[in-house]
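Step one of this worksheet: look at the structure below.
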Amino acid sequence: MVIGKLRLGFSEKTIFDALSQMTSGGKSLRKELDNTFQIYPDPGYITQVVKERGMAGLKNVRVKTGVPVVPALCQRLNNYREIVDKMGEAAVERKYDGTRVQIHFNRLKNEIRTYTRNLEESSPMFPELFQMNKWIMGDEVILDCEAVGYDKKTGKVLPFQITITRKRKHGVAETAKSIPLRFFVFDILSLNGRSLIEEPYFERRKFLTKVVKKNETIVPDEYFKTDDPVEVQKLHDKFLKEGFEGAVIKMWNGEYLPGRQGWNWVKIKEAEGASGKLSDTLDLVILGYNLGKGKRAGFGMGAFLVGLRRGESWVSIAKVGTGLTDEEFKGLKIKLDKSKTKEKPKDYLVSGSLVPDVWVEPLVVVEIAADEITKSPNHAGGIALRFPRLIKFREDKGPKDATTWKEVEEIAKLSLN
DNA sequence: CTTGACTGCCC
DNA sequence: ATTCTGC
DNA sequence: GCAGAATGGGCAGTCAAG
């Protein structure tokens with residue numbers, strides 16, 4: 001099988017285009033090929049099926065234990081009513097900040113394989129799953145879950161940065177012991193050879209409940225049924241208070257749809273006008289910028305470095321490469337070039353890996369949003385912004401009006417509970 | 001043997 | 001991951 | 001509305017220089 005090295009959206013697209021051409025099937029054929037690929041991502045196999053049995057053969061390609069399925073993903077929406085309008089009855093779940101794991105368990109072959117969100121095999125990472133045979137009521141299953149590190153004493157879930165310290169090859173067992181993972185299972189894609197992806201959500205949930213015996217390591221994830229936007233809001237608030245990233249809302253009758261399709265699954269991190277995990281934006285000063293690649297090379301800028309005053313120095317806490325339109329990139333470059341400096345200004349503290357292509361005087365203030373403030377091993381400030389993006393240019397503000405170090409510390413403290 | 005630059009993959 | 005853009 | 005292409009922080013892993 002060719003699974004493993006291929007990335008979605010490249011080689012197989014070309015192959016399927018060619019296949020479409022050969023069989024002169026046009027667009028509907030392409031769509032069918034794509035859909036088949038999502039539940040059996042092996043272009044070689046699919047090509048063979050089409051050659052031998054034609055398009056009709058594709059109907060017999062089914063979800064199979066041991067062959068990864070492209071995981072279902074969420075759309076993002078920040079309005080409760082809109083979410084409910086789009087899907088009617090829905091299930092509301094917690095949004096965990098961990099790592100996606102698709103578990104394939106085959107009792108008879110004594111096989112336990114896992115795959116990541118991008119279909120990478122990750123089996124060696126999770127030795128705790130060796131005991132699956134005790135926890136699963138069935139001989140063959142595919143489960144979809146989020147694995148999160150947890151504190152053995154308090155039972156509380158740990159931050160992403162801790163979860164992801166899990167080793168991948170060597171010394172896996174040690175980290176598994178010191179930072180155990182809990183697998184929150186929220187879906188089941190097949191059971192004993194039968195595909196369940198076409199079953200509605202609530203039916204799959206029934207199977208899940210029967211199949212997974214709850215224990216320290218693996219837990220059927222909790223869900224709440226509702227069709228009321230206010231109820232969704234209450235749950236979302238509750239989850240945020242509990243320290244989770246937000247909520248995932250799923251169509252009650254929805255099939256398991258690989259990839260990001262329609263409004264079947266929706267995530268919400270912060271509601272319109274309200275605040276999510278990190279409630280405030282920061283007004284930061286641009287310290288330099290990087291020449292861009294691809295399309296951005298044309299603008300002469302791909303991202304810029306931002307920071308703030310700490311004592312007598314300017315320290316970086318993030319790079320920003322999104323949130324600007326193409327026009328804004330062009331305009332910003334022109335503006336920044338007016339205060340370009342040949343050398344790094346003496347009062348800048350920026351570590352090597354973050355040194356920009358072009359230094360500028362600390363003059364331009366930008367409002368930056370982020371999901372979280374984290375401890376940083378890279379940025380000179382010792383902290384960094386997770387998922388930084390530009391909100392707007394603060395032309396009304398000068399560098400002296402930027403967010404202060406003290407304010408950032410306060411915000412960081414609040415977001416750390 | 002340690003360290004740092006770099007890549008690939010998580011989010 | 002987030003965001004913008006061309007289709 | 002979707003796919004594609006820009007970009008972020010930060011982890012483990014690899015490999016070459018010191």
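So you know, we letter chains A, B, ... as the sequences are listed, proteins then strands, and number each from 1.
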C1'-based separation of dG8(B) from dA1(C) [nearest Å]: 16 Å

Between Lys86(A) and Asn290(A), whichever has its closest DNA chain D nucleotide further toward 5' is Lys86(A)

Mind listing the N/O atom pairs, protein and nucleotides 4-6 of chain C, below 3.5 Å?
| from | atom 1 | to | atom 2 | distance (Å) |
| --- | --- | --- | --- | --- |
| dC4(C) | OP1 | Gly323(A) | O | 3.3 |
| dT5(C) | OP1 | Asp326(A) | N | 3.0 |

If the threshold is 4.0 Å, N to carboxylate O, is there a salt bridge linking [X] and [Y]?
{"X": "Arg204(A)", "Y": "Glu199(A)", "answer": "no"}
{"X": "Glu174(A)", "Y": "Lys167(A)", "answer": "no"}
{"X": "Glu128(A)", "Y": "Arg182(A)", "answer": "no"}
{"X": "Asp151(A)", "Y": "Lys156(A)", "answer": "no"}
{"X": "Lys109(A)", "Y": "Glu140(A)", "answer": "no"}
{"X": "Lys269(A)", "Y": "Asp371(A)", "answer": "yes"}

In whole angstrom, what separates [X]'s [atom1] from [N]'s [atom2]?
{"X": "Ile286(A)", "N": "dG8(D)", "atom1": "CD1", "atom2": "P", "answer": "14 Å"}
{"X": "Leu284(A)", "N": "dG8(D)", "atom1": "CG", "atom2": "C1'", "answer": "14 Å"}
{"X": "Asn35(A)", "N": "dC2(D)", "atom1": "CG", "atom2": "C1'", "answer": "14 Å"}
{"X": "Ile368(A)", "N": "dT2(C)", "atom1": "CD1", "atom2": "P", "answer": "16 Å"}
{"X": "Arg260(A)", "N": "dG4(D)", "atom1": "CZ", "atom2": "C1'", "answer": "12 Å"}
{"X": "Asn118(A)", "N": "dG8(B)", "atom1": "CG", "atom2": "C1'", "answer": "11 Å"}
{"X": "Asn264(A)", "N": "dG1(D)", "atom1": "CG", "atom2": "C1'", "answer": "15 Å"}
{"X": "Lys392(A)", "N": "dT3(C)", "atom1": "NZ", "atom2": "P", "answer": "15 Å"}

Test item: Tyr115(A) side-chain N/O and Gly66(A) main-chain N/O as donor-acceptor pair under 3.5 Å: yes

Taking any heavy-atom pair under 4.0 Å as a contact, classify [X]: base, sugar-phosphate, or nothing.
{"X": "Gln75(A)", "answer": "sugar-phosphate"}
{"X": "Gly262(A)", "answer": "sugar-phosphate"}
{"X": "Thr163(A)", "answer": "nothing"}

Can you find a heavy atom in the side chain of Val358(A) that is under 4.5 Å from one in the side chain of Thr341(A)? no

Is the phosphate of dA3(D), meaning OP1 or OP2, less than 4.0 Å from a side-chain N or O of Lys31(A)? no

Are Gln261(A) and dG1(D) close enough that a side-chain N or O sits under 4.0 Å from OP1 or OP2? no

Side chain of Ala303(A) - closest among dG8(D), dG1(D), dT2(C): dG8(D)

Working for side-chain hydrogen bond (donor to acceptor under 3.5 Å, both in side chains), residues Ser123(A) and Glu121(A): CA-CA 6 Å; Ser123(A) 312; Glu121(A) 184 169 355; 2.7 Å; yes

Strictly under 4.0 angstrom, non-hydrogen atoms only: write out the protein contact profile of nucleotides 9-18 of chain D, one letter per nucleotide from the 5' end, B, S or -. BSBBSS----

Kindly state whether the ring of Tyr256(A) and the ring of Trp265(A) have centres lying under 6.0 angstrom apart. yes

